[in-house]
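Below is one structure, written out as structure tokens; the observations come after it.
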Amino acid sequence: MSLSLPADLDRLREPAEATAIIRAHTPLLPAETASLTALAGRVLREDIVSDEDQPPFAASTVDGYAVVADDPAAVRAVRGDQFAGRTESLRVERGAAVYITTGAPIPPGADAVVMVERTEQAGDTVRISRDVVPKPGENIRPVGSDLRRGDRVLSSGIVLSPAAVGLLASLGRTAVQVTRRPRVSVLATGDELVEPGETPAPGQIRDANRFALLAALAPLGVEIVYAGIAPDTDDAQRAFLTARIADSDVVITSGGVSMGRKDLIKGLLVELATVHFRQLRMRPGKPFTFATAGDTLLFGLPGNPVSGLVGFEVFVRPALLAMQGRPDAERPRVRVRLAHDVVPVDRTDYLRATLRTAADGVPEATANGTQQSSRLASLVAADALVIVPPREMPYRAGESLDALLLG
């Protein structure tokens, strides 16, 4: 299916402009029901209201003895044991006590719990230390002290943390509405690529980009529906793209978007989708295609590994999180101070850097070695991408720039 192209398709887009275009075409995925074991990191799509008090009974917060607070007796008769998870026919009155464990229901008549460390049991009696004066309510968790019936305990739009999942379980919720996970396909292109476990023939290299991208996708809560290599032929890549568009929310390709005769992805996306832009005024990663086919987003990343990963961090990662309704879609942006001079280029440069906190508390950035777009080592230990706008004069040590935090 051939679609009309924008007149300025090959105009160099500023990173902020490209981000706005991508965000304008990024849909919020629909909600689905997910079980407790599949909720971590998902975005909640309903308000959760407690339909019961938590705890539903007054409970001890320590191991010790349930007593009457204003009973002056130092030695008290032990009427029995009250363990968590059980209820016993025990009652506490003056001159008596009941041994109780953490979380166990407070027996009738008791209004305080003395910690076991402050007591000494001998046979059927217990002696309370002289310096202990129990107060009403001491070491007791009242009914509803955690949650009250009718309280809204979780709001739609939050990212479900381990504590939130535990809270849902405590309320008896076995499943809730969350945003569906994005279905993502990753396609590496090039006759020169072989699998990591193979020995490359002359002129071949092992495919690193696909596995770097899969690792970058792993913490984002996506479902990988396909990941593979396509040879450099129109028919093969067209078939791959057609199939991937049909079953994916996002298709990420690596390579094939520059100006070479074998850069086929660039032309195939014009044929199969609506292309919104395909060049960026940035380094690394000038060749970068963004297209849509219905609700499917297609990102054509350059083949140089650092260019691809930087493009992923700046554009693809935020889109994947926004599709899920994540409020933290963008990487945190901070102001950093340069530890050395930096020579700008004619485009926005994303300098891979390590950060240290200077004596005055300001984060200071140092370039992480040479910055070639083929050198993955520049990203391995990078804490940040320092955003270096173009200008004629070098940036001097001590000047401040914005940076995207990677950690």
One should read off an interatomic distance between L406 CG and E313 CD, to the nearest 0.5 angstrom, of 5.5 Å
Between R333 and I387, is there a side-chain heavy-atom distance shorter than 4.5 Å? yes
Which heavy atom in A188 sits nearest to a heavy atom in L193, and how many Å separate them? CB-CD1, 3.8 Å
Whether the T102 and D63 side chains hold a donor-acceptor pair (N or O, under 3.5 Å, no angle test) is what I'd like checked. yes
With rounding to the nearest 0.5 angstrom, report the CD to OG1 distance, E120 to T125. 9.0 Å
Is R244 positioned over the aromatic face of Y226, cation under 6.0 angstrom from the ring centre and no more than 45 degrees off axis? yes
Is the closest side-chain donor-acceptor distance between R45 and T179 under 3.5 Å? yes
P363 vs R356 side-chain heavy atoms within contact, under 4.5 Å: no
Report yes if some heavy atom in the side chain of D360 is under 4.5 Å from a heavy atom in the side chain of R337; otherwise report no. yes
On a heavy-atom basis, the closest approach of F57 and G103 is CE1-O, 3.6 Å
Near R11 CZ, under 6.0 Å, is it more than 12 heavy atoms from other residues, nucleotides or ligands? yes
For a side-chain contact (heavy atoms from CB on, under 4.5 Å) check, start with the C-alpha distance between L9 and Q279, then their side-chain angles and the critical distance, and finish with the verdict. CA-CA 8 Å; L9 180 62; Q279 291 193 92; over 6 Å; no
Could you tell me if the side chain of L12 sits less than 4.5 Å from the side chain of K286, heavy atoms only? yes
Which distance, rounded to the nearest 0.5 Å, do you find between the NZ of K266 and the OG1 of T253? 12.5 Å
Using 0.5 Å steps for rounding, measure from the CG atom of L217 to the CD atom of E223. 12.0 Å
Please work out which of the three classes, parallel, tilted or perpendicular, describes the rings of F288 and F299, given edges at 30° and 60°. perpendicular
Quick one: does T292's side chain have a donor or acceptor within less than 3.5 Å of a partner on G294's backbone? no
Among L160, I48, L147, D146, which residue satisfies the side chain to side chain contact (heavy atoms under 4.5 Å, CB included) criterion with L167? L147
Can a donor-acceptor pair be found, under 3.5 Å and without considering hydrogens, that links the side chain of R141 to the backbone of A59? no
F290 and V316: side-chain contact (heavy atoms from CB on, under 4.5 Å), yes or no, with the steps? CA-CA 10 Å; F290 173 64; V316 184; over 6 Å; no
T189 side chain near L264 side chain, heavy-atom distance below 4.5 Å: no
Mark yes when over 12 heavy atoms from residues, nucleotides or ligands other than D295 sit less than 6.0 Å from its CG; otherwise mark no. no
Is it the case that over 12 heavy atoms from other parts of the model lie below 6.0 angstrom from the CG atom of D124? no
Can you name the closest pair of heavy atoms from T296 and V250 and give their distance? CG2-N, 4.3 Å
Please evaluate residues R278 and D10 with respect to the criterion side-chain contact (heavy atoms from CB on, under 4.5 Å), reporting the C-alpha separation (whole Å), side-chain torsions for both, the decisive distance (0.1 Å), and the verdict. CA-CA 6 Å; R278 52 190 186 186; D10 287 317; 2.6 Å; yes
Do E93 and D71 come close enough that some side-chain heavy atom pair is under 4.5 Å? no
Test log, rule side chain to side chain donor-acceptor pair (under 3.5 Å), inputs S378 and N368: CA-CA 5 Å; S378 68; N368 195 21; over 6 Å; no
Once you measure the plane-to-plane angle for Y99 and Y65, does it fall in the parallel (<30°), tilted (30-60°) or perpendicular (>60°) bin? perpendicular
Please determine which of I100, V114, V132 meets the side chain to side chain contact (heavy atoms under 4.5 Å, CB included) test together with V67. V114
Interatomic distance, L280 atom CG to E17 atom CD [nearest 0.5 angstrom]: 9.5 Å
Report the distance from atom CD1 of I265 to atom CZ of F240, rounding to the nearest 0.5 Å. 10.0 Å
Take atom CZ of R152 as the centre, draw a 6.0 Å sphere, and report whether it contains more than 12 heavy atoms from other residues, nucleotides or ligands. no
Should T289 and L298 count as side-chain neighbours, where that means a heavy-atom distance under 4.5 Å? no
Distance-only polar pair, side chains of Q82 and T101, donor-acceptor under 3.5 Å: no
Does a sphere of radius 6.0 Å around CZ in R391 hold more than 12 heavy atoms from other residues, nucleotides or ligands, not counting ones at 6.0 Å or beyond? yes
Could you check L309 against L213 for side-chain contact (heavy atoms from CB on, under 4.5 Å), going step by step and ending with a plain yes or no? CA-CA 7 Å; L309 282 176; L213 289 170; 4.2 Å; yes
For the residue pair V310 and M282, establish whether any side-chain heavy-atom pair is separated by less than 4.5 Å. yes
Heavy atoms of I22 and T26 approach each other most closely as O-OG1, 2.6 Å
Residues L171 and D51: closest non-hydrogen pair is O-OD1, 4.4 Å
S156 backbone acceptor or donor facing D47 side chain under 3.5 Å: yes
Looking at D383 and L355, would you say the former's side chain and the latter's main chain have a donor-acceptor pair under 3.5 Å? yes
